[in-house]
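Chain A is the first sequence line, chain B the second, and so forth, proteins listed ahead of strands; every chain is numbered from 1.
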Number of protein chains: 2
Amino acid sequence: MTTKPSNSWTDIRDIIHARILNKTYAAGDRLPRDQDLALTLGCARSTVQRAMQDLSDRGLIERRRKAGTRIPENPVTRATLEIPMIRKEVEQKGVTHGYQLISAKMLETPRSVMALLGLPAPITAMHVQALHLADQQPYLFEDRWINTQTVPEATSIDFTRENANEWLLRHKPYNKCDMRFYAINASISEADLLQTSPGTALFVMERSTWIDQNPITTVKTIAAPGYQLKTGS
Amino acid sequence: MTTKPSNSWTDIRDIIHARILNKTYAAGDRLPRDQDLALTLGCARSTVQRAMQDLSDRGLIERRRKAGTRIPENPVTRATLEIPMIRKEVEQKGVTHGYQLISAKMLETPRSVMALLGLPAPITAMHVQALHLADQQPYLFEDRWINTQTVPEATSIDFTRENANEWLLRHKPYNKCDMRFYAINASISEADLLQTSPGTALFVMERSTWIDQNPITTVKTIAAPGYQLKTGS
DNA sequence: TAGTGGTCTAGACCACCGG
DNA sequence: CGGTGGTCTAGACCACTAT
């Protein structure tokens with residue numbers, strides 16, 4: 001049975017997606033070969049391929065050469081996080097962004113930082129601590145280490161004026177990025193910085209970036225109470 | 001100057017990526033047209049297109065018809081989260097997964113749930129609370145609402161045997177998924193369930209899913225202390 | 001080794017949108 | 001309106017990997 005030709009790959013994708021939703025193709029099933037689907041749906045094989053690529057990216061199907069296309073038995077929820085520059089994030093809420101440098105100095109990396117960046121031995125790196133404000137209120141505390149071997153320019157930047165988050169994002173593109181999220185109870189000093197009470201649950205994001213195996217920076221951001229991270233998809 | 005032809009789109013992507021890293025193309029710059037790049041790099045335009053698609057997906061470039069391809073002034077960090085079935089996640093750590101149903105009953109949805117699912121008026125839905133265990137220890141508490149109008153089968157499932165996370169994931173594919181992450185201080189009852197003390201900072205993940213505008217479920221999972229969410233890229 | 005998805009090409013046309 | 005990216009096609013060949 002040949003379906004009426006709908007030529008765009010999004011149409012093809014939606015047709016197949018619909019078949020997954022209505023269980024024409026259920027968990028564990030194998031789908032027809034691209035070639036056959038192309039014939040059935042009245043389009044070129046590469047159009048089916050484009051549709052499949054999208055579905056595969058979203059984790060709705062699994063494709064393997066020779067084995068064909070299958071609906072996974074144990075689906076994985078996949079979501080894309082988009083984390084903007086902190087200033088942009090604040091401004092998007094319609095409030096003014098503020099920034100205070102707390103400290104910036106060269107220090108030997110502690111073991112925790114060595115582990116995060118995969119350093120075999122301690123190095124002297126730049127430790128930057130700063131506070132981001134939203135509408136004059138503490139918004140996010142940033143504790144960062146910058147590898148000045150990979151990023152020597154960092155030593156000549158005036159971080160009282162320019163914030164490290166923004167400078168690095170704009171001037172130091174990276175290859176690889178690891179992120180971690182978790183919750184902590186505010187310490188006394190953290191509570192003080194974020195103007196809350198010790199013990200308050202705070203949302204932490206850690207991010208480390210590399211350029212071709214070379215560590216650039218690792219940063220731990222601690223958000224003020226009430227912060228939520230959201231996905232758009 | 002014509003570069004030696006490297007025909008695979010990943011090669012092309014890597015060449016352009018390298019040019020971004022070494023600032024041949026810096027923030028704000030406009031790149032040559034695909035056609036010209038194809039000539040210069042000795043490949044077909046569609047190969048350049050494929051490479052650009054990948055770079056665009058990762059947020060490294062911005063493409064607009066007529067305006068061309070540009071390096072964004074304000075880059076966004078993009079990461080993909082992969083959230084497996086809870087049982088798989090536990091088993092991957094090499095420990096045994098356990099599951100206890102706490103309660104499952106039909107109830108009228110509170111306003112918070114209506115807001116999450118975008119319901120204009122309260123409905124009677126299935127409220128399921130359960131605890132996941134890792135190696136006999138509390139791992140994750142799951143507080144879920146299932147829309148039995150969209151998912152009538154849910155009323156006849158024995159959730160003491162089958163866990164809702166797994167059943168829904170396997171049998172109810174969805175169109176749309178929203179997620180939120182934040183930190184809370186454990187209440188007395190939460191502390192009791194997760195065998196920790198009240199006030200402990202806990203990591204919370206909320207997820208709501210739809211199939212074509214129709215709400216399926218919304219779930220709030222509260223992880224035991226020490227939990228970290230990580231990205232793979 | 002053979003079947004299936006992945007890629008490449010050359011060319012055509014379409015869709016968006018900046019000037 | 002015209003320039004640019006987006007898509008579609010038909011066909012060829014490549015690269016995995018199940019059998």
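- Not one side-chain nitrogen or oxygen of B:Arg65 sits closer than 4.0 Å to the OP1 or OP2 atom of C:dA15.
- With rounding to whole Å, B:Asp11 atom CG is found 12 Å from C:dT7 atom C1'.
- The distance between atom CE of A:Met52 and atom P of C:dT7, rounded to the nearest whole Å, is 15 Å.
- Checked by atom type and distance alone, the side chain of B:Arg78 never pairs as donor or acceptor with a backbone atom of A:Thr80 at under 3.5 Å.
- At least one side-chain nitrogen or oxygen of B:Thr47 sits closer than 4.0 Å to the OP1 or OP2 atom of C:dT9.
- Counting to the nearest Å, the P atom of C:dT7 and the CG atom of B:Asp54 are 10 Å from each other.
- Residue whose closest nucleotide on DNA chain C sits further toward the 5' end, between B:Ala44 and A:Ser56: A:Ser56.
- Picking from C:dT7, D:dC16, C:dC17 the nucleotide with the shortest atom distance to the side chain of B:Lys66 gives C:dC17.
- Side-chain contact, A:Asn74 with B:Arg170: a donor N or O sits under 3.5 Å from an acceptor N or O.
- Across all strands shown, A:Arg45 has heavy atoms under 4.0 Å from base atoms, whether or not it also approaches the sugar-phosphate.
- A close approach under 4.0 Å does not occur between any side-chain nitrogen or oxygen of B:Arg64 and OP1 or OP2 of D:dG5.
- When the nucleotides C:dG18, C:dG5, D:dT4 are ranked by their closest atom to the side chain of B:Ala67, C:dG18 comes out on top.
- The two residues B:Met126 and B:Thr155 make their nearest non-hydrogen contact at CE-CA, 4.0 Å.
- The separation between B:Gln53 atom CD and C:dC8 atom C1' is 15 Å, rounded to whole Å.
- Between A:Arg63 and C:dG6 there is a side-chain N or O to OP1 or OP2 distance below 4.0 Å.
- Looking at the side chain of B:Thr69, the nearest of the listed nucleotides D:dT9, D:dG5, C:dG5 is D:dG5.
- Atom CG in A:Leu41 sits roughly 15 Å away from atom C1' in D:dC8 (whole-Å rounding).
- Distance B:Arg50 CZ to C:dG6 P: 10 Å, rounded to the nearest Å.
- Note on A:Arg70: nothing from the nucleic acid sits closer than 4.0 angstrom, heavy atoms only.
- With rounding to whole Å, A:Arg30 atom CZ is found 11 Å from C:dG3 atom P.
- Taking 4.0 angstrom as the limit, B:Gln49 places none of its side-chain polar atoms (N or O) nearer than this to OP1 or OP2 of D:dG5.
- Positionally, the nearest nucleotide of DNA chain D for B:Gln35 lies more toward the 5' end than for the other of B:Gln35 and B:Ser46.
- The aromatic rings of A:Tyr139 and A:Tyr227 stand perpendicular to each other, their planes meeting at an angle above 60°, with 30° marking the opposite boundary.
- Note: A:Phe203 and B:Phe203 have parallel aromatic rings, judged against thresholds of 30 and 60 degrees for the angle between ring planes.
- Whole-Å rounding puts the A:Leu39 CG to D:dA10 C1' distance at 12 Å.
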